[in-house]
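Everything quoted here is computed from the prediction, not taken from an experiment. We count ligands from 1, going down the list as the structure has it; atoms in each ligand are counted the same way. Along the sequence shown, the residues carry numbers beginning at 1.
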Amino acid sequence: MTRAKTGITGLDELIGGGIVEGSTVLLSGQSGSGKTVFGLQFLYNGITKYNEPGVLVTLETRPNELRSEASQFGWDLRVLEQKNALIIIDAASGKAGLPTSEKYALRRGFDMSTLAEEIYRAIDETKAKRLVIDCISGLGIRFSEPSEVRNELFRISALLRELQVTSLFISEIIEPDSQSRAGVEQFVTQGLITLNLSDANGALKRDLLVWKMKQTPHSLKKHSFKIGQSGIEMTAKKKSRTKNA
Ligand SMILES: Nc1ncnc2c1ncn2[C@@H]1O[C@H](COP(=O)(O)OP(=O)(O)OP(=O)(O)O)[C@@H](O)[C@H]1O
Ligand SMILES: [Mg+2]
């Protein structure tokens, strides 16, 4: 089985070497938990380390903000875009009622068929093997209607599986301890990873948990990580001290 390595230090070992090629993973977490950084890193590593072009659909952050967020970690997205290894589909400007000069953009009030067409076009142009949607709350689906969430996500996920594109659906979590926003998104995807921020003695600490990863024996533990100069990095557990006799 071919797997798409995330290239995130310490993570691929927890999921049997990477994400099964062509599958879809829901990546959820509260605000500031690192979802966007994770998505950017997955695409950037895919292109630069594994020769897998990528597509990023951005629904709530304008492309220039993303480029500048990525540049903090030394990831120059423009260079990848110029090489046609990366396409950013701007669905954020239209939603904000702002003009965009991006080559790939979706207007305000777009529907899922238009999104699917644009995704198809971008994948075809880059020969993409990876895709990130950041975040699915911006897709215009009524999250109060779980069956609608399921149906719409299933449509996009089925297209991506058909095209053998390994994908991350980013989802925000509003209720603490929930796995997704509508509670059903993870049923459509083959994997579920949550990024968590929790209080440990007055300071926030980050950890990641793999809840589901089909066809994969994976870790069921919470794993600490940090966001540093090179993005997300799993932090190795301190070795327990062996007692000397
Ligand atoms: N250069 C950096 N070095 C270390 N940590 C950083 C750096 N840049 C951002 N961070 C951390 O990453 C967090 C933002 O991560 P990210 O944008 O991926 O969150 P998110 O889960 O996508 O949030 P949202 O749901 O609001 O979009 C910041 O709040 C900060 O804690
Ligand atoms: Mg984000």
Side-chain angles (χ1 to χ4, degrees), residues 6-11 19 24-46 48 54-78 86 88-96 98 102 106 130-141 143 149 153 167-183 185-186 189 191-211 222-236:
T6 64
I8 294 174
T9 310
L11 176 59
I19 300 170
T24 304
V25 172
L26 183 74
L27 177 70
S28 53
Q30 64 200 87
S31 181
S33 57
K35 304 180 294 295
T36 298
V37 175
F38 189 118
L40 289 169
Q41 196 163 352
F42 173 70
L43 291 176
Y44 186 83
N45 285 345
T48 58
V55 171
L56 173 60
V57 183
T58 179
L59 290 132
E60 285 175 350
T61 310
R62 299 182 78 201
N64 276 343
E65 280 174 50
L66 279 179
R67 291 181 186 111
S68 109
E69 183 162 359
S71 71
Q72 291 185 91
F73 305 108
W75 309 329
D76 190 340
L77 301 188
R78 285 249 186 237
L86 173 71
I88 301 179
I89 300 177
D90 177 12
S93 300
K95 278 166 58 98
L98 295 167
E102 296 290 329
L106 290 168
R130 298 182 181 211
L131 177 132
V132 173
I133 300 181
D134 187 5
C135 70
I136 55 171
S137 311
L139 288 175
I141 310 171
F143 275 78
V149 174
L153 291 183
S167 309
L168 296 181
F169 288 179
I170 293 181
S171 165
E172 61 196 19
I173 291 177
I174 294 167
E175 294 292 323
D177 298 325
S178 58
Q179 295 179 332
S180 59
R181 185 159 163 203
E185 297 88 321
Q186 63 274 30
T189 60
L192 168 65
I193 298 177
T194 55
L195 303 183
N196 315 297
L197 273 170
S198 55
D199 187 347
N201 300 324
L204 287 176
K205 84 180 245 310
R206 298 183 190 280
D207 60 63
L208 169 158
L209 183 55
V210 182
W211 294 82
K222 283 185 175 175
H223 293 270
S224 305
F225 71 90
K226 62 176 187 179
I227 302 180
Q229 282 180 346
S230 340
I232 293 180
E233 209 178 294
M234 307 308 297
T235 39

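Residues satisfying the side-chain hydrogen bond (donor to acceptor under 3.5 Å, both in side chains) criterion with E102, sequence neighbours excluded, are R67. Every side-chain hydrogen bond (donor to acceptor under 3.5 Å, both in side chains) that N196 has, sequence neighbours left out, goes to D207. Among residues two or more places apart in sequence or in another chain, the side-chain hydrogen bond (donor to acceptor under 3.5 Å, both in side chains) test is passed with R62 by S93.
Looking from atom 23 (O) of ligand 1 to the surrounding protein, the closest heavy atom is G32 N, 2.8 Å. Closest to atom 27 (O) of ligand 1, if we only count protein heavy atoms, is T36 OG1, 4.0 Å. The protein atom (non-hydrogen) at minimum distance from atom 26 (O) of ligand 1 is S31 OG, 2.8 Å. Atom 25 (O) of ligand 1 has K35 NZ, 2.7 Å as its closest protein atom, hydrogens excluded (heavy atom only). The nearest heavy-atom contact from the protein to atom 6 (C) of ligand 1 is I227 CG2, 3.7 Å.
On a distance-only criterion, F38 and ligand 1 share no N/O pair closer than 3.5 Å.
Counting only protein atoms, the N, O or S atoms lying less than 2.8 Å from the Mg ion (ligand 2) are T36 OG1, ordered by chain and residue number.
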For a side chain to side chain contact (heavy atoms under 4.5 Å, CB included) check, start with the C-alpha distance between L43 and L168, then their side-chain angles and the critical distance, and finish with the verdict. CA-CA 10 Å; L43 291 176; L168 296 181; over 6 Å; no
Under the side chain to side chain contact (heavy atoms under 4.5 Å, CB included) criterion, do L11 and F42 qualify, and how do the steps go? CA-CA 11 Å; L11 176 59; F42 173 70; over 6 Å; no
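When non-hydrogen atoms are compared, ligand 1 lies under 4.0 Å from the side chain of E69 (C-beta onward) but not from its backbone. By the criterion of a heavy-atom distance under 4.0 Å, the side chain of F73, and not its backbone, is placed next to ligand 1. Contacts between R206 and ligand 1, counted as non-hydrogen atom pairs separated by less than 4.0 Å, involve the side chain only. Under 4.0 Å from ligand 1, the heavy atoms of Q72 that appear belong solely to its side chain.
You'll find the side chain of I8 stays beyond 4.5 Å of the side chain of F225, heavy atoms only. Under the 4.5 Å side-chain criterion, counting only non-hydrogen atoms from C-beta, I174 is in contact with R181. A 4.5 Å side-chain heavy-atom check between S167 and I133 finds every atom pair outside the cut-off. The shortest side-chain heavy-atom distance between E60 and E172 falls under the 4.5 Å cut-off.
Listed by atom number, the atoms of ligand 1 under 4.0 Å from G34 heavy atoms are 15 (O), 16 (P), 18 (O), 19 (O), 20 (P), 21 (O). The distance from ligand 1 to the heavy atoms of Q30 drops below 4.0 Å at these ligand atoms: 21 (O).
In D199, the CG atom is crowded: over 12 heavy atoms of neighbouring residues, nucleotides or ligands sit closer than 6.0 Å.
Contact between S33 and ligand 1 is present, with at least one heavy atom of the residue lying under 4.0 Å from the ligand.
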